[in-house]
Amino acid sequence: MMTTPLRKISLLLTVALAFSCSDEIEQELESNVSSDTKTEIAQERRSGSAYDSSSYFNKPTGLPVKNFTGTTSSQLQTLINNNQTNGAIINIPKKTYNWSEITLKSKIQLEIEKGTTIKPLNNNVKRIFSIGTSGNGARVTDVSIVGVGGKFTIDLSANANLNKNIAAIKMGRVSNFKISNFNIKDRRTSLASILLNYIKSNSDNEPFPKDGVIEKINQTGISHTGYGLIQGYSAKMFCLKP
């Protein structure tokens, strides 16, 4: 995992952390970075002691608080969809959940209680959370997935996930995001756990994650050879912090 925060980078970063031939990649953005550009990036780095997540994510204010009282992914998706107009802070209590894919909408803040465990519902699940992975419509903005009171766990370690194309989170056309404070338990899935993707769109000239922070995430076990916690195909002006 990259441990040096990046900020105020004015150019598109295409971070080739690993290469993949899987069908998860809608389109990779090719980039030839000059030595001058690399120097500019290096000069913009900041020390860990100067790190402040508020420099990368501005949480919306005045959001209503909603308590998730269900157990299934369809129940959570309904709650998200019902609050997509004005947004909401959704509190998810400590339980073990078995979920299909959850699609976040703009201004949705998932606050997941310490000790919660989230597992894929079945072998057909390709990711637990998707944010801005459609090329249609407006891009997603002002979203977060955060552990509260401590870390929750996304558990991908079941035998059924061995060498399988499954990720914890896939992001695309999203701005102002925060992904923070949880564990990922892997065993040997065939993708990185957090994917930053270029999502082709006719309505968006920056169809990739931008302006956000990924921090305080621990991964145990291993991904398939050549993969790790984060794979960045395309992103702009975000911070990675352990």
Side-chain angles (χ1 to χ4, degrees), residues 53-54 56-95 97-114 116-121 125-154 167-184 193-197 199 201 203-204 206-217 230 235 237-239:
S53 64
S54 64
Y56 306 91
F57 174 70
N58 296 311
K59 184 176 180 178
T61 59
L63 295 177
V65 177
K66 305 290 182 177
N67 294 318
F68 179 55
T69 58
T71 58
T72 68
S73 51
S74 60
Q75 289 170 324
L76 177 56
Q77 191 65 62
T78 297
L79 183 60
I80 290 171
N81 293 347
N82 288 344
N83 287 278
Q84 63 182 312
T85 300
N86 298 314
I89 298 170
I90 298 178
N91 292 325
I92 299 178
K94 178 182 175 180
K95 281 188 178 73
Y97 299 97
N98 294 278
W99 284 348
S100 296
E101 182 176 341
I102 302 294
T103 302
L104 266 68
K105 309 293 185 178
S106 292
K107 294 187 179 180
I108 294 296
Q109 321 295 311
L110 296 186
E111 299 194 350
I112 304 175
E113 186 180 354
K114 173 186 176 181
T116 294
T117 298
I118 302 168
K119 299 180 179 182
L121 177 63
V125 177
K126 291 187 176 180
R127 61 199 67 93
I128 302 297
F129 297 107
S130 289
I131 311 174
T133 57
S134 172
N136 300 318
R139 65 187 292 123
V140 175
T141 63
D142 310 321
V143 296
S144 65
I145 303 171
V146 176
V148 293
K151 289 180 166 63
F152 67 93
T153 298
I154 297 176
I169 301 173
K170 180 177 179 180
M171 293 189 288
R173 299 171 57 227
V174 53
S175 302
N176 192 38
F177 62 88
K178 184 175 183 179
I179 309 298
S180 178
N181 205 30
F182 58 91
N183 300 311
I184 298 172
S193 293
I194 299 174
L195 305 173
L196 309 179
N197 288 78
I199 304 296
S201 172
S203 62
D204 195 339
E206 293 185 312
F208 42 75
K210 57 179 290 188
D211 302 330
V213 58
I214 300 173
E215 64 172 6
K216 301 178 183 177
I217 301 169
I230 297 173
M237 294 181 67
F238 72 96
C239 175

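If you read the sequence from its start, that first residue is 1, and numbering goes on from there. Owing to the predicted nature of the structure, the values given are computational and were not obtained by experimental measurement. Computation of the quantities below employed the complete heavy-atom set of this structure, encompassing side-chain atoms and omitting hydrogens, waters and symmetry-equivalent molecules.
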Side-chain donor or acceptor of Trp99 paired with backbone N/O of Leu76 under 3.5 Å: no
For Ile184 against Ile217, the heavy-atom pair lying closest together: CD1-CG2, 4.1 Å
From CA spacing to verdict: side-chain contact (heavy atoms from CB on, under 4.5 Å), Phe152, Asn183: CA-CA 6 Å; Phe152 67 93; Asn183 300 311; over 6 Å; no
Gap separating the CD1 atom of Ile145 from the CD1 atom of Ile90, nearest 0.5 angstrom: 11.0 Å
Residues that Thr72 engages under side chain to side chain contact (heavy atoms under 4.5 Å, CB included), provided they are two or more places apart: Ser74, Gln75
Evaluation steps, salt bridge (Lys or Arg N to Asp or Glu O under 4.0 Å), between Lys107 and Asp142: CA-CA 5 Å; Lys107 294 187 179 180; Asp142 310 321; 5.3 Å; no
Exercise: identify the closest heavy-atom pair between Gly147 and Asn181: O-ND2, 3.0 Å
NZ/Lys151: more than 12 non-hydrogen atoms of other groups inside 6.0 Å: yes
Rounded distance (nearest 0.5 Å) linking atom CD1 of Ile169 with atom CD1 of Ile154: 5.0 Å
Pairing of Lys178 and Glu215 as salt bridge, 4.0 angstrom limit: yes
Test item: Met171 and Leu104 side chains (from C-beta on) under 4.5 Å apart, heavy atoms: no
Separation between OG of Ser201 and CG of Asn136, rounded to the nearest 0.5 Å: 7.0 Å
Partners meeting salt bridge (charged side-chain N to carboxylate O under 4.0 Å, His left out) with Lys59 (sequence neighbours left out): Glu111
Whether Phe68 and Tyr97 hold their rings parallel, tilted or perpendicular, with breakpoints at 30° and 60°: tilted
pair Ile230-Ser193: side-chain heavy atoms closer than 4.5 Å: no
Side-chain donor/acceptor of Glu113 to backbone N/O of Lys94, under 3.5 Å: yes
Any donor-acceptor N/O pair, Ser144 side chain to Val146 backbone, under 3.5 Å: no
Distance, nearest 0.5 Å, that separates CD1 of Ile199 from CD of Glu206: 15.0 Å
Heavy-atom closest pair, residues Val174 and Arg139: O-NH2, 3.0 Å
Closest heavy-atom pair and its distance - Thr116, Ile92: OG1-O, 4.3 Å
Short side-chain donor-acceptor distance under 3.5 Å, Arg173 and Ser134: no
Main-chain N/O of Ile102 paired to Arg127 side chain as donor or acceptor, under 3.5 Å: no
Expected output: side-chain Glu101 to main-chain Ser130 donor-acceptor under 3.5 Å: no
Shortest non-hydrogen contact from Val143 toward Phe57: O-CE1, 3.5 Å
Worked verdict on Thr71 versus Asn98 for side-chain contact (heavy atoms from CB on, under 4.5 Å): CA-CA 8 Å; Thr71 58; Asn98 294 278; over 6 Å; no
CZ on Phe208 to CG on Leu196, rounded to 0.5 Å: 11.5 Å
Any side-chain donor near an acceptor of the partner, Asn176 and Asp211, under 3.5 Å: no
Contact summary for Lys105 and Ile80, nearest pair of heavy atoms: CG-CG2, 3.5 Å
pair Ile108-Asn83: side-chain heavy atoms closer than 4.5 Å: yes
Residues in side chain to side chain donor-acceptor pair (under 3.5 Å) contact with Thr153, at least two apart in sequence or another chain: none
pair Leu110-Phe129: side-chain heavy atoms closer than 4.5 Å: yes
